[in-house]
2 protein chains.
Amino acid sequence: MYTLAEENYLKAIYKLSLTDDSVSTNQIAAELCTKASSVTDMLRKLADKALVNYARYQGVSLTKAGNKVALNIVRKHRLWEYFLVEKLNFKWDEVHDMAEEMEHISSNELINRLEEFMGYPTRDPHGDPIPDSHGNFRAHDLKPISTMPVNAGGIISGVRDHSAAFLQYLEKQNLVIGRYITVKEIITYDNTVVLQMENKELQISHEVANNLLIAL
Amino acid sequence: MYTLAEENYLKAIYKLSLTDDSVSTNQIAAELCTKASSVTDMLRKLADKALVNYARYQGVSLTKAGNKVALNIVRKHRLWEYFLVEKLNFKWDEVHDMAEEMEHISSNELINRLEEFMGYPTRDPHGDPIPDSHGNFRAHDLKPISTMPVNAGGIISGVRDHSAAFLQYLEKQNLVIGRYITVKEIITYDNTVVLQMENKELQISHEVANNLLIAL
DNA sequence: ATTTAAATTTAGACTTGTCTAAAATTTTTA
DNA sequence: TAAAAATTTTAGACAAGTCTAAATTTAAAT
């Protein structure tokens with residue numbers, strides 16, 4: 001149906017659209033590690049196929065059709081990640097690249113059966129919501145720890161940074177999804193956050209606090 | 001490591017090598033539904049990478065390295081087919097095209113874990129042997145029903161034709177892997193084979209008998 | 001042993017997706 | 001608001017893989 005490149009562009013635009021209303025050529029180029037000129041070429045093609053709204057120099061957004069395609073790729077990515085972690089026992093920092101390939105397996109029947117096989121999970125191993133076969137999902141209502149006031153508590157429920165390095169750090173500190181934490185103190189000097197965990201106290205940098213999400 | 005096209009060519013050459021010692025350009029073109037000129041181009045590239053032995057006009061064969069790559073693709077294909085049938089409940093005539101995509105997922109760690117998850121199966125849903133992670137497998141020792149003498153019996157253990165049409169026909173007649181049959185009669189007029197099954201008699205054409213394999 | 005036929009290869013072109021370098025547009029800044 | 005800077009687009013080129021048509025080589029047939 002769609003080429004590998006098209007799917008990757010749609011997914012990138014989808015991702016960038018979560019934080020910005022209109023997405024720029026350079027943003028996409030950075031996201032896909034490619035050059036702005038390549039992006040321009042592809043945007044023209046996607047616009048011809050009515051998958052994006054695009055006017056020269058004006059940025060780009062997904063059409064309804066483009067959004068549907070992108071969501072389906074996200075759905076596949078997250079279901080495969082869940083499979084890799086829950087069934088094949090990979091760690092949450094190991095699955096991204098594999099899922100990046102598997103999300104392009106075309107069959108929807110396959111992904112629906114996989115979803116059923118796994119019991120209709122709603123979150124992937126990083127806490128991100130898994131769209132159902134109609135593209136519906138419960139949106140994140142999560143906030144970074146860095147926004148929490150002192151004495152507030154909550155359950156670790158997601159990450160903003162999906163890099164292996166960050167995930168490995170979290171694993172090591174036992175900052176995993178499902179864990180309850182409270183903010184004990186915020187050190188004003190550099191916004192280091194002091195967390196109270198079940199049985200220990202832990203200091204995390206503002207950077208980390210900013211990338212670790214809590215359900216209040 | 002290797003492109004999609006390279007992998008498909010290596011797999012095709014592997015498959016054709018099972019029946020012929022040296023494989024011709026036209027055979028490959030037919031197998032891949034492409035043109036002879038495209039094949040020639042690719043053979044040069046594969047020869048440059050030392051994956052095939054190729055001399056102009058002289059046919060082609062896999063090198064040791066090429067064979068290893070091809071076997072790994074076959075391994076992945078058959079493990080994914082097993083997964084689709086045994087875990088996701090697809091029928092044996094539905095899985096080929098999906099596995100055709102999944103065999104190109106690159107991670108070997110993934111396929112090894114999948115193999116472990118499924119309990120190290122040795123045959124795919126069509127009875128074809130699954131190479132282990134070193135490329136070793138118990139070779140078929142199967143013969144088509146068309147070569148059996150009257151009164152001989154055996155267990156249905158594989159197929160030569162993997163087309164959905166053939167597999168659906170077999171399913172309908174209950175000619176599935178594991179079933180015991182005996183040859184009751186061979187009608188000399190057109191080599192129709194009369195099979196005795198558990199509780200019924202069944203006539204199959206020579207064509208069918210030729211594509212259905214028995215372990216004696 | 002030629003000629004004919006079949007198979008294979010070469011030559012040149014096309015598509016997809018990428019790149020660099022230069023031109024055009026928008027945004028920022030003074 | 002006009003110059004400078006940043007962004008974006010265009011133009012032209014390249015690599016992978018494919019194709020058609022023509023040329024070459026091998027195999028088959030008289």
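Throughout, protein chains are lettered first and strands after them, A, B, ... in sequence-line order, and every chain is numbered starting at 1.
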Enquirer: Using a cutoff of under 3.5 Å, can you pull out all pairs of nitrogen or oxygen atoms linking the protein to nucleotides 22-25 of chain C, with atom names and distances?
Expert:
from	atom 1	to	atom 2	distance (Å)
dT25(C)	O4'	Tyr57(A)	OH	3.4

Enquirer: Residues from residues 24-34 of chain A sitting under 4.0 Å of DNA chain C, heavy atoms only?
Expert: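 Those residues whose heavy atoms fall under 4.0 Å from DNA chain C, taken from residues 24-34 of chain A in numerical order, are Thr34(A).
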
Enquirer: Side chains of Trp80(A) and Met98(A), heavy atoms from C-beta outward: is any pair under 4.5 Å?
Expert: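 They are not in contact (no side-chain heavy atoms under 4.5 Å apart), so the answer is no.
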
Enquirer: Under 4.0 Å between a Lys/Arg side-chain N and an Asp/Glu carboxylate O for Glu100(A) and Lys11(A)?
Expert: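 Looking at Glu100(A) and Lys11(A), the cut-off is met.
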
Enquirer: Does the side chain of Val74(A) come within less than 4.5 Å of Phe137(A)'s, by heavy atoms?
Expert: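 With C-beta onward as the side chain, the pair stays apart.
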
Enquirer: Would you please say whether a donor-acceptor pair under 3.5 Å links the side chains of Ser133(A) and Glu115(A)?
Expert: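 Per modelled atom types, Ser133(A) and Glu115(A) side chains form no pair under 3.5 Å.
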
Enquirer: Is there side-chain contact between Asn191(A) and Ile186(A), with heavy atoms separated by less than 4.5 Å?
Expert: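 A side-chain contact under 4.5 Å exists here.
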
Enquirer: Kindly compute the distance separating CZ (Phe117(A)) from NZ (Lys87(B)), expressed to the nearest 0.5 Å.
Expert: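 If I round to the nearest 0.5 Å, the distance is 5.0 Å.
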
Enquirer: What distance separates Leu114(B) CG from Ile111(B) CD1, expressed to the nearest 0.5 Å?
Expert: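 Here the interatomic distance stands at 5.0 Å.
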
Enquirer: dT10(D) C1' sits how many Å from Lys35(A) NZ, rounded?
Expert: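 About 17 Å, once rounded to whole Å.
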
Enquirer: Over how many whole Å does the gap from Leu10(B) atom CG to dG17(D) atom P extend?
Expert: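 Computing the Leu10(B):CG to dG17(D):P distance gives 11 Å.
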
Enquirer: Between the two end axes of the helix from dA1(C)-dT30(D) to dA30(C)-dT1(D), each built from 5 base pairs, what angle do you get to the nearest 10°?
Expert: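 Computed angle between terminal axes is 10°.
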
Enquirer: How long is the straight-line distance from OG1 of Thr25(A) back to OH of Tyr57(A), given to the nearest 0.5 Å?
Expert: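 If I round to the nearest 0.5 Å, the distance is 9.5 Å.
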
Enquirer: Can you tell me the distance, in whole Å, between the OH atom of Tyr9(B) and the P atom of dA16(D)?
Expert: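 The answer, rounded to whole Å, is 14 Å.
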
Enquirer: Would you say that Met1(B) contacts Val69(B) through its side chain, given a criterion of any heavy-atom pair below 4.5 Å between the two side chains?
Expert: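 No. Closest side-chain heavy atoms not under 4.5 Å.
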
Enquirer: May I ask you to test the Glu81(B)-His126(B) pair for a side-chain heavy-atom distance under 4.5 Å?
Expert: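 Touching, per the 4.5 Å side-chain cut-off.
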
Enquirer: Among all residues two or more places apart in sequence or in another chain, which pass the salt bridge (charged side-chain N to carboxylate O under 4.0 Å, His left out) test with Arg160(B)?
Expert: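 Per chain and number, Arg160(B) pairs via salt bridge (charged side-chain N to carboxylate O under 4.0 Å, His left out) with no residue.
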
Enquirer: Quick one, which residues of residues 36-49 of chain A touch DNA chain D with a heavy atom under 4.0 Å?
Expert: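 Correct list: Ala36(A), Ser37(A), Thr40(A).
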
Enquirer: If I compare all heavy atoms of Ile13(B) with all of Ile28(B), which pair ends up nearest, and what's the gap?
Expert: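 Nearest pair, atom of Ile13(B) first, then Ile28(B): CG1-CD1, 3.7 Å.
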
Enquirer: Atom NZ of Lys35(A) and atom CG of Asn26(A): how far apart are they, to the nearest 0.5 Å?
Expert: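 The CG atom of Asn26(A) is 11.0 Å from NZ of Lys35(A), to the nearest 0.5 Å.
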
Enquirer: Before accepting this row, confirm whether a basic side-chain N of the pair Lys91(B)/Glu171(B) lies closer than 4.0 Å to the acidic partner's carboxylate O.
Expert: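 No salt bridge links Lys91(B) with Glu171(B).
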
Enquirer: Within the structure provided, determine whether His206(B) and Asp190(B) are in side-chain contact (heavy-atom separation under 4.5 Å).
Expert: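 When only atoms from C-beta onward are counted, Asp190(B) and His206(B) do not touch, as no gap falls below 4.5 Å.
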
Enquirer: Which residues, if any, of residues 96-107 of chain B bring a heavy atom under 4.0 Å of DNA chain D?
Expert: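 Result for residues 96-107 of chain B: none.
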
